[in-house]
Student: 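First, the structure itself, so that you have it in front of you.
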Amino acid sequence: MLEKARVSFFLASRSITRGNKGITIFTVFVLTLIFIQLVLFSSMLAGVTLKFNELMVNFQTGNVVVEPKEEERYIEDASASRKR
């Protein structure tokens, strides 16, 4: 197993040193752009979506909480309250 890893690293290093440096730099640049797109832009979109939902609740729609009266454990005649 270790011998196979050594051979693969040797072949990779020989390929990099003998190959075109411009292609290697371009490949690293493209991989960096892909990483930035996957990590940065997806997190930005997630943040925008969360903020949009928060603003919709705060300014457009809202949250409605229905609770029983003080010192009561449940809402009496809940079906009539739902019809209003």
Student: Nearest 0.5 Å please: distance from the CZ atom of F59 over to the CD atom of E54.
Tutor: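 Between atom CZ of F59 and atom CD of E54 there are 8.5 Å.
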Student: Just wondering, more than 12 heavy atoms not from E72 lying within 6.0 Å of its CD?
Tutor: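 More than 12 within 6.0 Å, yes.
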Student: Nearest 0.5 angstrom please: L11 CG to R6 CZ, how far?
Tutor: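 With rounding to 0.5 Å, CG (L11) is 12.0 Å from CZ (R6).
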Student: Before you tell me yes or no, could you show the steps for E3 and V7 under side chain to side chain contact (heavy atoms under 4.5 Å, CB included), namely the whole-Å CA-CA distance, both residues' side-chain angles and the distance that decides it to 0.1 Å?
Tutor: CA-CA 6 Å; E3 187 66 28; V7 170; 4.1 Å; yes
Student: For S42 and V39, work out which heavy atoms get closest and say how close.
Tutor: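 Answer, listing the atom of S42 first, then V39: OG-O, 3.2 Å.
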Student: Do V30 and L38 land in one hydrophobic cluster if side-chain heavy atoms of ILVMFWY residues count as linked below 4.5 Å?
Tutor: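 Looking at the clustering, L38 is in the same group as V30.
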Student: Any side-chain to backbone donor/acceptor pair from T32 onto V28? Under 3.5 Å, distance only.
Tutor: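 Yes; at least one donor-acceptor contact below 3.5 Å.
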Student: Drop me the distance from T27's OG1 to I16's CD1, to the nearest 0.5 angstrom.
Tutor: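 Interatomic distance, T27 OG1 to I16 CD1, rounded to 0.5 Å: 9.5 Å.
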Student: Answer with yes or no whether the hydrophobic clustering places L40 together with L31; edges join I, L, V, M, F, W, Y residues whose side-chain heavy atoms lie under 4.5 Å apart.
Tutor: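 Different clusters.
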Student: Got a second to check how far L50's CG is from L45's CG, nearest 0.5 Å?
Tutor: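 Answer rounded to 0.5 Å: 11.0 Å.
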